[in-house]
> 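This is the structure I want to talk about, given as structure tokens.
When a ligand or atom number is given, it counts from 1 through the structure's own listing order. The structure displayed is predicted, hence computed values, not measured ones. Throughout, residue positions are numbered sequentially from 1 according to the sequence presented.
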Amino acid sequence: MPLLELTSVDVFHGDLQAVYGVSLGVDTGEVLALIGANGAGKSTLLRTVTGLMCARAGQLRFDGTSIAGLPAERIAALGIAMVPEGRLLFASLSVEENLLMGTLTRRGGPWTLQAVYALFPMLRELRHRNALQLSGGQQQMVAVGRALMGNPRLLLCDELSLGLAPLVIEEIYRAFARIRAEGLAIVLVEQDVARACAVSDRMLCLLKGRVTLQGPSAGVSHAQVAAAYFGE
Ligand code: ATP
């Protein structure tokens, strides 16, 4: 049984349908890359898994339990954490206070302040700074660290590399490999398709809210991705 299993999920923004009959599964220790053009429904799907949005139809199960309709804090307490697009750090808090906000789920595990500082050593130096005084890349490290501090079993990452310099993106994805090694399940939204496929086990492409391709990331061809991504 997959750790996360979505079956025929429909999601709407008001009257506008953004996700149509999406089914997917993610196993413990597996990385699934969600790709698709702007507006394809990737963020909507992640927000639905975290309980920030509600599916209008279909089933969402986490570790065998239905999470459809549960409030976001209950879903977080079960072990689902998100690194949101745009990071959404707490503007009035320091780096360390932002990290500690991740512990509100009261889940124990390997991810402590010390473990996050070992993963991103520069955050230790910056821990008393206001989070918004940091560079974009450093803020992204705080956002990843904050999610890890909740010791999730499933980590959802929405566009980790958006707007960041190439060297910082490399650094964050190097850390990502170490996070993977802890055996979490990860769903990753990434605009850079080559990178998304390189860091994932399986990929799933959305086009206008529908799944157009899914399978092992290693085997997928450029032509298959182009057809699924653009609907050619
Ligand atoms: P991006 O890469 O631009 O973040 P995405 O694949 O994450 O795109 P979503 O943000 O999930 O796509 O958007 C899916 C659809 O839902 C789009 O048609 C978008 O215009 C619409 N949408 C997203 N947010 C809202 C909202 N708050 N109100 C109404 N429609 C929305």
Side-chain angles (χ1 to χ4, degrees), residues 4-26 31-60 62 67-72 75-76 80-89 136-137 139-140 143-144 146-147 154-166 168-169 172-173 176 185-200 202-215 217 220 222 224-232:
L4 175 72
E5 188 171 31
L6 272 52
T7 311
S8 305
V9 167
D10 290 345
V11 191
F12 287 69
H13 291 281
D15 291 337
L16 298 175
Q17 188 163 2
V19 170
Y20 294 80
V22 168
S23 299
L24 61 84
V26 191
V31 180
L32 174 72
L34 263 187
I35 64 167
N38 286 344
K42 308 178 297 294
S43 299
T44 300
L45 206 51
L46 293 194
R47 289 170 61 80
T48 305
V49 173
T50 59
L52 293 172
M53 294 190 64
C54 210
R56 198 173 288 185
Q59 293 181 2
L60 294 95
F62 182 65
I67 55 169
L70 289 186
I75 292 178
I80 298 180
M82 179 150 82
V83 184
E85 186 177 352
R87 306 181 281 270
L88 306 183
L89 299 182
Q139 288 187 28
Q140 190 60 279
V144 171
R146 179 181 60 185
L154 170 67
L155 183 66
L156 309 172
C157 300
D158 201 353
E159 308 221 18
L160 287 179
S161 60
L162 194 69
L164 301 183
V168 181
I169 297 173
I172 288 178
Y173 274 104
F176 190 80
I186 299 175
V187 178
L188 179 76
V189 169
E190 170 59 64
Q191 287 287 354
D192 179 340
V193 174
R195 186 181 296 279
C197 289
V199 300
S200 61
R202 286 189 305 112
M203 54 77 63
L204 182 149
C205 184
L206 287 176
L207 176 67
K208 296 182 183 165
R210 292 184 165 84
V211 178
T212 48
L213 179 68
Q214 61 177 318
S217 304
V220 72
H222 186 79
Q224 280 176 304
V225 171
Y229 199 96
F230 299 111
E232 288 161 358

> Show me which atoms of ligand 1 lie under 4.0 Å from any heavy atom of A40.
5 (P), 6 (O), 12 (O)
> Any side-chain heavy atom of D158 within less than 4.5 Å of one from K42?
no
> Using a 3.5 Å distance criterion without hydrogens, assess whether the side chain of R56 forms a donor-acceptor pair with backbone atoms of Q17.
no
> Is it the case that ligand 1 has an N or O less than 3.5 angstrom from some N or O of G41?
yes
> Looking at ligand 1, would R47 count as a contact under a 4.0 Å heavy-atom criterion?
no
> So, for atom 26 (C) of ligand 1, does the protein have a heavy atom nearer than 4.0 Å?
yes
> Using a strict cut-off of 4.0 Å, indicate which atoms of ligand 1 neighbour a heavy atom of A37.
6 (O)
> Give the C-alpha distance, both sets of side-chain angles, the deciding distance and a yes or no for side-chain contact (heavy atoms from CB on, under 4.5 Å) between V193 and H222.
CA-CA 10 Å; V193 174; H222 186 79; over 6 Å; no
> Look up atom CZ in R47 and atom CE in M53, then write down how far apart they are to the nearest 0.5 Å.
6.5 Å
> Between Q191, H13, E190, E159, which one has a non-hydrogen atom sitting closest to atom 29 (C) of ligand 1?
H13
> Evaluate the side-chain proximity of I186 to L32: yes if any heavy-atom separation is below 4.5 Å, no if none is.
no
> Please lay out, stage by stage, how L160 and Y173 fare under the test side-chain contact (heavy atoms from CB on, under 4.5 Å).
CA-CA 9 Å; L160 287 179; Y173 274 104; 4.1 Å; yes
> How about L156 and V189: do any of their side-chain heavy atoms sit closer than 4.5 Å?
no
> So do the side chains of L45 and V187 get within less than 4.5 Å of each other, counting heavy atoms only?
no
> What's the shortest distance from atom 11 (O) of ligand 1 to any protein heavy atom, and which residue and atom give it?
T44 OG1, 2.5 Å
> Of all the non-hydrogen atoms in the protein, which one sits nearest to atom 3 (O) of ligand 1, and at what distance?
N38 OD1, 3.4 Å
> How far is atom 4 (O) of ligand 1 from its nearest protein heavy atom, and which residue and atom is that?
E85 OE1, 3.5 Å
> Go through ligand 1 atom by atom and flag the ones less than 4.0 Å from a non-hydrogen atom of S43.
4 (O), 5 (P), 7 (O), 10 (O), 11 (O)
> Does only the side chain of K42 get under 4.0 Å from ligand 1, or the backbone, or both, or neither? Count heavy atoms.
both
> Quick test of your reading of the structure: of G36, G14, G39, whose heavy atom lies closest to atom 8 (O) of ligand 1?
G39
